[in-house]
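Here's the structure, in structure tokens; my notes come after.
When reading the values below, keep in mind they use all heavy atoms of this one structure, side chains included, and skip hydrogens, waters and symmetry mates.
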There are 2 protein chains.
Amino acid sequence: MQPGSHGLNFELKHYQALQIVWAESPVDPLSARTYGEDPRALHGILALCQRSSRYRRDRVIFFEGDPTDYLFFLSRGSVRTCRSFKDGKRSVVAFHVAGEFFGLDGEMTHSLRAEAATDTTVMPLKRSAVLAKAVHDRRISDFLLVSMAKELRRLREHTALISRNAQCRLATFLIDLSARTGKTENLDLPMSHQDIADYVGLSIETVSRVITQFERSGFISRTSARSLMLGDRNALMRIMA
Amino acid sequence: MQPGSHGLNFELKHYQALQIVWAESPVDPLSARTYGEDPRALHGILALCQRSSRYRRDRVIFFEGDPTDYLFFLSRGSVRTCRSFKDGKRSVVAFHVAGEFFGLDGEMTHSLRAEAATDTTVMPLKRSAVLAKAVHDRRISDFLLVSMAKELRRLREHTALISRNAQCRLATFLIDLSARTGKTENLDLPMSHQDIADYVGLSIETVSRVITQFERSGFISRTSARSLMLGDRNALMRIMA
DNA sequence: CGGCATATTGAATAAGATCAACATCGGTGG
DNA sequence: CCACCGATGTTGATCTTATTCAATATGCCG
């Protein structure tokens, strides 16, 4: 892959979604005009990538404790960031889908491990190079700010699930995933039930049972375990409370 | 309170903690040199505050759905950001302590409610003014970046609790709180048990029981319900797994 | 001192985890 | 193309953990 093309084969809507964050009034200095209509910021960042890397499902992209020397642009596939505990349990803290950055951190070492949840293509970007460029190009620092603001919001939403029951957790997960991938129907889950379970904090058995329950209630239908149709989104929304 | 003084009566260590984030090698453009040794960035932001506001315990600072016109610097007290659900339950997504910003968001409206967890003094800052100033002063945009990176990391840590048991959740909470407030002993909880329960996703009864359990195990001791002594931090760390 | 918030403790209940058996899927090699 | 096999997902029975409900205690502020 050439540096000039930047492997921009992720869907355009992801990029646009990234851009409109903080879109507000026309007078806002960080408005849609600044972010939304000019791909140069993203382009400028991705120009720092020498070559893209591919990871097969379950391969580790960085470990907990690794230096935060690189951040990554995910051009294809999906990534999970997670932590494993001494008792063998695992928490998936976040999923990332195509068009998103991951590995941004304010410390010198990663506090989480990143793994490919499906086969992926990522563009590694030397953190120091990105930051050096951000010093001279304010659109790039703004871009980072926007990326982080988006991730913050997603984490806040997810955190609010900690006191909710199994149905609510999974309804929220499904609605969120369909929104992020832009799939309103025929939602193909880009991760295993085990990944979902570790993300929402339930056992795989409970995940399976609740999805079956949703199906029996007519909220969703399935062609296979991994490919759903959200027939009644409103019902799921109601469960989210 | 005069604009010149900016109500900087929060403890210096908070500020320093904020500054050393992303500190890395001397050649890093966003290194400790940039952030760590110059209070002008924070000063520059706080100069935008016309007057500080006080909120008594449980008062709402902003509601879910309110426009994100202001962000806030917390100069005294503690704040919780939370969401209430139709079934009457509440999730506390984050606590903020003196020296931190809150209310930063990438969208036009807040997705969470912010309330004073104790009596507080906050400095409201017009978001558009901060961003306008950030355009001309790169230290300010950097400062925002650092603030958000810190909040991201805290949320990630908290999110990982979703699949952990009651002891682990509370041990993590206590250790984290003592680190953030800098109190290694005589940890005074700046929030009610109900707040803690809604934060870690347990009932108040379970919170009470686990704390009692910690006390009986000799990990902590209490002079009152709200003032603890973490006698055996290592034991708590072990429980965090 | 009184009265209301907050916190503790116990007993019953419910939600989800765990254990175990079985089903299905997807890939591989014959 | 089909048979096989390991990985993934489903379903049922039982057990554990935390919730709920209820009663009591303690603290806090007038």
Would you classify [X] as touching base, sugar-phosphate or nothing, given that sugar-phosphate means primed atoms plus P, OP1 and OP2, and contacts are heavy atoms under 4.0 Å?
X        : answer
B:Ser192 : sugar-phosphate
B:Ser224 : nothing
A:Ser203 : base
A:Arg57  : sugar-phosphate

**Message:** Can you see if the side chain of A:His193 gets near the phosphate of D:dA7 - specifically, an N or O under 4.0 Å from OP1 or OP2?
**Reply:**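 So the side-chain polar atoms of A:His193 never come under 4.0 Å of the phosphate oxygens OP1 or OP2 of D:dA7.
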**Item:** side-chain N/O B:Thr212 vs C:dT9 OP1/OP2, d < 4.0 Å
**Value:**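 For C:dT9, OP1/OP2 do have a side-chain N/O of B:Thr212 under 4.0 Å.
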If you check the [X] side chain, which of [options] turns out closest?
X        : options                : answer
B:Glu205 : C:dA7, C:dG10, D:dA18  : C:dG10
A:Arg222 : D:dA18, D:dT10, C:dA11 : D:dT10
A:Ala166 : D:dT19, C:dG16, C:dA7  : C:dG16
B:Lys89  : C:dT6, C:dT9, D:dT20   : D:dT20
A:Leu202 : D:dG9, C:dA7, C:dA17   : C:dA17
A:Arg226 : D:dT10, D:dT8, C:dG16  : D:dT8

**Item:** Audit row: B:Arg156, A:Thr81, side-chain hydrogen bond (donor to acceptor under 3.5 Å, both in side chains) steps and yes/no
**Value:** CA-CA 10 Å; B:Arg156 284 177 187 145; A:Thr81 52; 5.9 Å; no
**Request:** Spell out yes or no: do the side chain of A:Arg209 and the base of C:dT18 have one donor N/O and one acceptor N/O closer than 3.5 Å?
**Result:** yes
Salt-bridge present ([X], [Y]; N to O < 4.0 Å):
X        : Y        : value
B:Arg83  : B:Asp198 : no
B:Glu100 : B:Lys150 : no
A:Arg54  : A:Asp119 : no

**Message:** Taking syn as a glycosidic torsion within 90° of 0 and anything else as anti, which one is D:dA22?
**Reply:**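 D:dA22: anti.
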Rounded interatomic separation in angstrom, taking [atom1] from [X] and [atom2] from [N]:
X        : N      : atom1 : atom2 : value
B:Asp188 : D:dC28 : CG    : P     : 11 Å
B:Ile204 : D:dA25 : CD1   : P     : 18 Å
B:Asp87  : D:dT20 : CG    : P     : 9 Å
B:Ile211 : D:dA18 : CD1   : P     : 14 Å
B:Asp58  : C:dT6  : CG    : C1'   : 12 Å

**Prompt:** So do the side chains of B:Lys183 and B:Asp188 get within less than 4.5 Å of each other, counting heavy atoms only?
**Reply:**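 No, their side chains stay 4.5 Å or more apart.
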